[in-house]
Peer 1: 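Please read through the structure below; I'll follow up with questions.
Here is how names work: the chains are called A, B, and so on, in the same order as the sequence lines, proteins then strands, and each is numbered from 1.
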2 protein chains.
Amino acid sequence: MEQESEKATRKPRADSLRNREKLLAAAHDVFSAGGPDASLEKVAKTAGVGIGTLYRHFPTREAMFQAVYKREVDQLVELAARLAEEKPPFEALRQWLHAQIGMVATKKGMLAALTPAAGSSDALYADSSARMLAAIGRLMAAAIEAGEIRDDLAPEDVMRALLGMCYTREQAGWQEKVIRLMDVFLDGLRIRGD
Amino acid sequence: MEQESEKATRKPRADSLRNREKLLAAAHDVFSAGGPDASLEKVAKTAGVGIGTLYRHFPTREAMFQAVYKREVDQLVELAARLAEEKPPFEALRQWLHAQIGMVATKKGMLAALTPAAGSSDALYADSSARMLAAIGRLMAAAIEAGEIRDDLAPEDVMRALLGMCYTREQAGWQEKVIRLMDVFLDGLRIRGD
DNA sequence: TGCAAAACGGAGGCACCCTCCGTATAAATT
DNA sequence: AATTTATACGGAGGGTGCCTCCGTTTTGCA
């Protein structure tokens, strides 16, 4: 019988992986729409699984937030890499920032949920933050090298501008407003070929 | 029949006023201890009234927060005036700041509760804030005139220091820690008679 | 003192939280 | 392919909180 560790680790079941993924997708949707206090039973129903399955995968609300958050960071970092390859530098930066806005809706719940228990999840947070800054840094560097944007802003500055704009998230429809604000900002960032 | 306005306004019932006051006191205690999501039924029970009575006086959770908040601002402004009369200037300032810390526990729930619905309660907020700054300004002016503290800080600065320190409110027992921090800060503020 | 307006209190219906366990199913074994 | 067995599934159920509604009690006024 072949096994690498002393513990007999069976291959994880396919349905388990499927359900985990379905739950994460559903959680993203539900929390984006309903805020951090949205019902976990609604998440389970949206995912099409039982409430028991949800709790087995994510024992606490915060565990669920963290998993969603990490997944989104992964996706955004990957998206940055793909955009950098496929699009002109400025356009890549623009599209990536737009994608960011969609994420903040969830991060909102994240922040509220993580703050009280701070300390347990600091590492996750710091790491994600660093990766995000690195990703935006690469996009900006490319645009600067192409002579498309100013070179006197740091990645942190752009990040702060983005998050600051999102701080007005209150009424319905804030995402559209922030996208417009962000486009104005990008217009200011751009070097025009006059 | 004598009445001042066209509407026949009967004198408010004594029990109503009593219960309202009991509810506000209970709400302060419960929210301080349990945070903004504390149970309203616990508030009613602590106050010794039925849940129906609570909802009649404060139809929504936010209405309750606002009432508690306003009451605390009133009390603190009044306390500032009394301390200014009865205590030496520096001691008055110190005791008032300590009292402030007790309030933040409730304001925490306040902020979380007010933010989403911003706009409906802006006026209340701005007014309270101004009154608080005026109160601390008077205490500081007295201490400056007596030569007890430095004169190069504005009321806003001290307020910001206080709130910044309170931002670490997470674990149990944060109030004690903040009181110690605040005393250190006050020690720095003080002009020593060397 | 009598009476009607106003306030009281808690039962009841609903939603959500989380646990527990009988049933179903996928991986391992033969 | 059939059997075994570890693992995952789903939802009923017990508990708590939210808020409404209405019969009962209290209070101000005449």
Side-chain angles (χ1 to χ4, degrees), chain A residues 1-27 29-31 33-67 109 112-113 116-117, chain B residues 1-27 29-31 33-67 109 112-113 116-117:
Chain A
M1 34 189 79
E2 73 287 59
Q3 3 173 321
E4 301 174 29
S5 88
E6 64 171 358
K7 204 155 195 183
T9 48
R10 199 183 240 206
K11 183 161 63 166
R13 283 176 52 160
D15 53 348
S16 174
L17 295 176
R18 263 198 316 269
N19 280 334
R20 184 188 168 82
E21 198 54 31
K22 278 195 283 186
L23 277 167
L24 284 174
D29 293 350
V30 171
F31 287 127
D37 293 334
S39 151
L40 293 184
E41 298 195 329
K42 186 164 188 175
V43 172
K45 178 167 285 184
T46 303
V49 306
I51 185 68
T53 300
L54 183 151
Y55 276 98
R56 203 169 321 99
H57 282 286
F58 308 102
T60 67
R61 185 179 283 265
E62 188 180 329
M64 173 142 246
F65 280 141
Q66 289 191 15
Chain B
M1 38 186 79
E2 73 285 59
Q3 8 175 313
E4 302 175 28
S5 88
E6 64 170 359
K7 202 157 196 181
T9 48
R10 199 184 237 202
K11 183 161 61 165
R13 283 175 53 161
D15 54 347
S16 174
L17 294 176
R18 262 199 317 269
N19 280 336
R20 186 187 167 82
E21 197 54 31
K22 278 195 283 185
L23 278 166
L24 285 174
D29 292 351
V30 172
F31 286 128
D37 293 334
S39 151
L40 293 184
E41 299 195 331
K42 184 164 189 176
V43 172
K45 177 166 287 184
T46 302
V49 306
I51 186 67
T53 300
L54 183 151
Y55 275 98
R56 201 167 324 100
H57 281 286
F58 308 103
T60 68
R61 185 179 282 267
E62 188 181 328
M64 173 142 245
F65 280 141
Q66 288 191 15

Peer 1: When you get a sec, tell me which of D/dC29, D/dC18, D/dT20 is the closest nucleotide to the side chain of B/Leu40?
Peer 2: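 My answer, after comparing the listed nucleotides, is D/dC18.
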Peer 1: Rounded to whole Å, how long is the line connecting atom CZ of A/Phe31 with atom C1' of C/dC16?
Peer 2: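 Atom-to-atom, A/Phe31 to C/dC16, this comes out as 13 Å.
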Peer 1: Does C/dG9 have OP1 or OP2 under 4.0 Å away from a side-chain N or O of B/Thr53?
Peer 2: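 B/Thr53 to C/dG9 OP1/OP2: side-chain N or O found under 4.0 Å.
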Peer 1: Could you state the CZ-C1' distance from A/Arg61 to C/dC17, rounded to the nearest angstrom?
Peer 2: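 Rounded to whole Å, this separation is 9 Å.
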Peer 1: If you look at every heavy atom in B/Leu23 and B/Ala44, which pair is closest and at what distance?
Peer 2: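 Closest approach of B/Leu23 to B/Ala44, heavy atoms only: CD2-CA, 4.3 Å.
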Peer 1: What nucleic acid atoms does B/Ala44 come within less than 4.0 Å of, heavy atoms only: base, sugar-phosphate, or nothing?
Peer 2: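 Nothing: the residue B/Ala44, judged by heavy atoms under 4.0 Å, touches no strand.
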Peer 1: Counting side-chain heavy atoms from C-beta on, which of C/dC17, C/dA7, D/dG17 comes nearest to B/Glu41?
Peer 2: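 For B/Glu41, the side-chain atoms sit closest to D/dG17.
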Peer 1: Choose from C/dA7, D/dC19, C/dG9 the nucleotide whose nearest atom is closest to any side-chain atom of B/Val49.
Peer 2: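 Shortest atom-to-atom distance from the side chain points to C/dG9.
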Peer 1: Nearest-nucleotide wise, let me know which of A/Arg20 and B/Gly52 is further upstream toward the 5' end of DNA chain D.
Peer 2: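 The residue whose closest nucleotide sits nearer the 5' end is A/Arg20.
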Peer 1: When you get a sec, tell me which of D/dG28, C/dC8, C/dA27 is the closest nucleotide to the side chain of A/Arg10?
Peer 2: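 Given the options D/dG28, C/dC8, C/dA27, the side chain of A/Arg10 is closest to C/dA27.
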Peer 1: Which nucleotide, D/dC9, D/dC19, C/dA7, lies nearest any side-chain atom of B/Tyr55?
Peer 2: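 Nearest nucleotide to the side chain: D/dC19.
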Peer 1: In whole angstroms, how far is the P atom of C/dC8 from the NZ atom of B/Lys45?
Peer 2: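 After rounding, the gap between these two atoms is 19 Å.
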Peer 1: Suppose we screen for salt bridge (charged side-chain N to carboxylate O under 4.0 Å, His left out). Which residues come up paired with A/Glu41, at least two apart in sequence or across chains?
Peer 2: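 By the salt bridge (charged side-chain N to carboxylate O under 4.0 Å, His left out) rule, A/Glu41 matches no residue at all.
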Peer 1: Just compare D/dA6, C/dC16, D/dT26 and give me whichever is closest to any side-chain atom of A/Arg13.
Peer 2: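 Closest nucleotide among those given: D/dA6.
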Peer 1: Could you please name the option among D/dC29, C/dC8, D/dC9 that lies closest to any side-chain atom of A/Arg56?
Peer 2: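 Nearest nucleotide to the side chain: D/dC9.
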Peer 1: Does B/Met64 reach the side chain of B/Val43, with side-chain heavy atoms less than 4.5 Å apart?
Peer 2: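 Yes, close enough: below the 4.5 Å cut-off.
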Peer 1: I want to check one thing: is the phosphate of D/dA8, taken as OP1 and OP2, less than 4.0 Å away from some side-chain N or O of A/Asn19?
Peer 2: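 False: A/Asn19 side-chain N/O out of range (4.0 Å or more) of D/dA8 OP1/OP2.
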Peer 1: To the nearest angstrom, how far is B/Leu17 atom CG from C/dA7 atom P?
Peer 2: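 Nearest whole value for this atom pair: 9 Å.
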Peer 1: If every non-hydrogen atom of B/Ala38 is compared with every non-hydrogen atom of B/Val30, which pair is closest and at what distance?
Peer 2: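 In this case the closest contact between B/Ala38 and B/Val30 is CB-CG1, 3.7 Å.
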Peer 1: Specify the residue among B/Asp15 and B/Asp37 whose closest nucleotide of DNA chain D lies further upstream toward the 5′ end.
Peer 2: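 So the residue in question is B/Asp37.
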Peer 1: Assign each of B/Ser16 and A/Pro12 to its nearest nucleotide of DNA chain C by heavy atoms, then name whichever residue's nucleotide is nearer the 5' end.
Peer 2: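 First, find each residue's nearest nucleotide; the 5'-ward one identifies B/Ser16.
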Peer 1: For A/Ser39 and C/dC17, is the shortest distance between a side-chain N/O and OP1 or OP2 below 4.0 Å?
Peer 2: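 It does, given that an N or O in the side chain of A/Ser39 lies less than 4.0 Å from OP1 or OP2 of C/dC17.
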Peer 1: Expressed as a whole number of angstroms, how long is the span from B/Arg18:CZ to C/dA7:C1'?
Peer 2: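 Rounded to the whole Å, the gap is 11 Å.
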Peer 1: D/dA8 C1' sits how many Å from A/Lys22 NZ, rounded?
Peer 2: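 Result: 13 Å.
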Peer 1: Between B/His57 and C/dC8, does any side-chain N or O lie under 4.0 Å from OP1 or OP2?
Peer 2: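 Yes, B/His57 has a side-chain N/O under 4.0 Å of OP1/OP2 on C/dC8.
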Peer 1: Roughly, in whole Å, what's the span from CE in B/Met64 to C1' in D/dC19?
Peer 2: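 Roughly 14 Å, once rounded to whole Å.
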Peer 1: Between C/dG9 atom P and B/Leu23 atom CG, what is the distance in whole Å?
Peer 2: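 To the nearest whole Å, that distance equals 9 Å.
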Peer 1: Would you mind reporting whether B/Phe58 and B/Gln66 have side-chain heavy atoms less than 4.5 Å apart?
Peer 2: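 B/Gln66 does not reach B/Phe58 side chain to side chain.
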Peer 1: Around A/Lys22, counting heavy atoms of other residues, nucleotides and ligands shown, do more than 12 lie under 6.0 Å from its NZ?
Peer 2: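 For A/Lys22, atom NZ is crowded (more than 12 foreign heavy atoms under 6.0 Å).
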